[in-house]
Amino acid sequence: MQRISLAHGEGGELTHQLIQDIFIQSFGHSEQTKLDSAVLTIPSQTIAVTTDSYVVKPIFFPGGNIGKLAITGTVNDLAVSGAIPHVITAGFIIEEGFPINSLKEIVNTMAGEAERAGVRIIAGDTKVVEKGSVDGLFINTTGIGVMQEQHRLKPEIVQEGDSVIISGTIGDHGVAILSARNELGLLTDVRSDCASLNLLIHELLEEIKGIRIMRDPTRGGLATTLVELCEDFRFTVEMDEASIPVRKEVQGACDILGYDPIYLANEGKVVIIVDSNEEQKVLAILKNYEMGKNASVIGQITSCHVQTGKLLIKTTVGTTRRLNRLSGQLLPRIC
């Protein structure tokens with residue numbers, strides 16, 4: 001089996017071969033990418049930029065791998081901001097001894113996901129470090145998206161009665177990763193929900209005029225995401241526990257391990273706050289997509305312009321309590 005050596009990171013012939021045989025083979029090499037910087041023509045004066053690093057453990061998991069996660073995570077961060085994802089850069093930090101066939105599989109997965117999402121990977125970098133310095137492979141990305149004025153989100157006009165919608169079941173990614181680690185003897189068929197949501201989100205923005213805010217509930221899960229929104233935009237959300245969609249397998253795993261699914265990571269879901277008059281139209285659009293078939297209204301805005309925003313949950317036993325951000329370490333290396 002061929003493996004990465006330190007010489008692959010030295011900038012010489014082996015580096016050249018690695019780039020030619022793996023990265024250019026999958027990503028292509030246009031005229032725009034032959035300089036030390038990719039030269040772009042951006043069809044807008046307003047752009048969105050995001051950057052992220054991916055250190056997920058294990059690198060391969062049910063429903064995806066670190067490469068797919070790097071593309072979907074970057075695409076989704078742009079899309080929930082109201083931008084049309086345009087281009088992505090990718091930096092690879094590879095551990096000496098990493099299998100070359102595994103790298104090829106990851107890079108091919110990235111290329112395929114980028115094509116499905118309609119984005120281009122236009123620049124990158126490769127570094128190789130000594131064995132033990134990195135856990136296999138880390139990927140860093142930067143994404144650039146084009147903003148369209150008619151799709152600009154309007155958090156400033158959030159009002160009482162607005163609906164809170166989740167596009168599908170929560171906690172799938174967290175349980176899939178936990179199962180793949182084989183650390184706690186958890187056996188489950190749950191697959192990660194890792195997916196690019198930009199086409200779904202674009203249709204929502206085209207058809208729905210009352211969308212206030214969107215956010216992808218990744219690390220920290222649904223609860224942490226909503227707490228952040230409540231505090232940042234100074235409103236109160238009351239969430240209905242019975243309305244939150246959770247797969248039986250995910251709930252079962254949480255019951256065994258003592259986790260709460262509302263704090264588990266997701267990589268293919270979007271939280272939408274929208275005018276309540278348009279909630280059914282949002283649900284109808286979401287349910288036209290496989291990744292949105294379990295969409296549900298899970299709560300509403302109960303007060304706005306408060307001094308301190310907060311997230312409340314009405315439990316299945318009829319009580320109401322306040323939720324806070326995830327405290328401490330639940331699942332490290334989740335993305």
Side-chain angles (χ1 to χ4, degrees), residues 3-40 42 47-61 64-79 83 85-115 117 119-145 194 196 216 218-219 267 332-335:
R3 294 184 179 274
I4 295 294
S5 71
L6 288 174
H8 282 104
E10 289 299 304
E13 182 61 29
L14 283 179
T15 303
H16 176 74
Q17 289 178 8
L18 186 72
I19 292 171
Q20 290 289 330
D21 295 346
I22 295 181
F23 298 110
I24 290 177
Q25 187 72 27
S26 293
F27 298 158
H29 192 37
S30 68
E31 290 298 320
Q32 295 170 307
T33 63
K34 291 183 179 179
L35 303 176
D36 265 358
S37 299
V39 179
L40 306 175
I42 302 294
I47 63 173
V49 179
T50 186
T51 189
D52 210 340
S53 297
Y54 297 88
V55 299
V56 64
K57 181 181 179 180
I59 289 173
F60 293 89
F61 50 83
N65 61 46
I66 190 172
K68 181 179 182 182
L69 194 62
I71 298 300
T72 62
T74 307
V75 164
N76 292 344
D77 281 349
L78 291 169
H86 192 59
V87 295
I88 291 176
T89 71
F92 297 80
I93 302 177
I94 312 170
E95 182 185 25
E96 175 190 13
F98 191 76
I100 289 179
N101 283 342
S102 295
L103 181 61
K104 286 182 179 179
E105 182 178 350
I106 289 164
V107 170
N108 285 336
T109 301
M110 293 177 71
E113 188 62 34
E115 183 176 4
V119 300
R120 292 183 299 138
I121 301 171
I122 48 87
D125 182 53
T126 304
K127 294 292 187 296
V128 178
V129 296
E130 297 85 352
K131 193 169 184 63
S133 298
V134 169
D135 191 1
L137 172 68
F138 293 164
I139 300 175
N140 173 268
T141 60
T142 295
I144 299 175
C194 181
S196 297
D216 52 337
T218 53
R219 286 177 298 174
E267 290 293 345
R333 304 278 302 277
I334 201 74
C335 64

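What's counted below: heavy atoms across the whole structure, side chains too, no hydrogens, waters or symmetry copies. Being a predicted model, the structure only gives us computed values, none of them experimental.
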- Residues passing the side chain to side chain donor-acceptor pair (under 3.5 Å) test with D216, sequence neighbours excluded, are none

- Query: Quick one: salt bridge (Lys or Arg N to Asp or Glu O under 4.0 Å) partners of D135, sequence neighbours excluded?
  - Reply: R333

- Message: Quick check: do V56 and I334 have side-chain heavy atoms less than 4.5 Å from each other?
- Response: no

- Query: Are side-chain N/O atoms of N108 and S26 paired as donor and acceptor at under 3.5 Å?
  - Reply: yes

- Message: Can you tell me how far apart CD1 (I94) and CG (L137) are? Round to the nearest 0.5 Å.
- Response: 6.0 Å

- Could you go step by step and tell me if I121 and I71 meet the side-chain contact (heavy atoms from CB on, under 4.5 Å) rule? CA-CA 9 Å; I121 301 171; I71 298 300; 3.9 Å; yes

- Task: Taking all non-hydrogen atoms of both residues into account, name the closest pair between I139 and A70 and its distance.
- Result: CG2-CB, 4.0 Å

- Task: Show your reasoning for whether side-chain contact (heavy atoms from CB on, under 4.5 Å) applies to I4 and L18.
- Result: CA-CA 9 Å; I4 295 294; L18 186 72; 3.7 Å; yes

- Message: If I compare all heavy atoms of F61 with all of P58, which pair ends up nearest, and what's the gap?
- Response: CD2-O, 3.7 Å

Show me the side-chain donor-acceptor pairs of residues 95-106 shorter than 3.5 Å, one per line, residues at least two apart or across chains.
unit_1: E95; atom_1: OE1; unit_2: G136; atom_2: N; d: 2.9
unit_1: E95; atom_1: OE2; unit_2: G132; atom_2: N; d: 2.7
unit_1: E96; atom_1: OE1; unit_2: K131; atom_2: N; d: 3.2

- Query: Roughly how far, to the nearest 0.5 Å, is the CG atom of L14 from the CG atom of L6?
  - Reply: 11.0 Å

- Query: Less than 4.5 Å apart, any side-chain heavy atom of F92 and any of I66?
  - Reply: no

- Task: State, to 0.1 Å, how close T74 and T142 come at their nearest heavy-atom pair, and which atoms those are.
- Result: CG2-C, 4.2 Å

- Message: Would Q25 and D21 count as a side-chain contact (heavy atoms from CB on, under 4.5 Å) here? Give the steps.
- Response: CA-CA 6 Å; Q25 187 72 27; D21 295 346; 5.9 Å; no

- Message: How long is the straight-line distance from CD1 of I144 back to CD1 of I122, given to the nearest 0.5 Å?
- Response: 6.0 Å

- Item | Check: T141 main-chain N/O paired with T51 side-chain donor or acceptor under 3.5 Å | yes

- Query: Any side-chain donor-acceptor pair under 3.5 Å between E267 and T72?
  - Reply: no

- Note on the structure: Closest non-hydrogen atoms of A79 and P85, given as atom of the first, atom of the second and distance, are N-CG, 4.4 Å

- Please step through side-chain contact (heavy atoms from CB on, under 4.5 Å) for the pair V75 and I88, ending with a clear verdict. CA-CA 8 Å; V75 164; I88 291 176; 4.1 Å; yes

- Will you find, in the side chains of S53 and N140, an N or O donor that is under 3.5 Å from an N or O acceptor? yes

- Message: Please find the pair of heavy atoms, one from M110 and one from A90, that lie closest to each other, and give the distance.
- Response: CE-CB, 4.0 Å

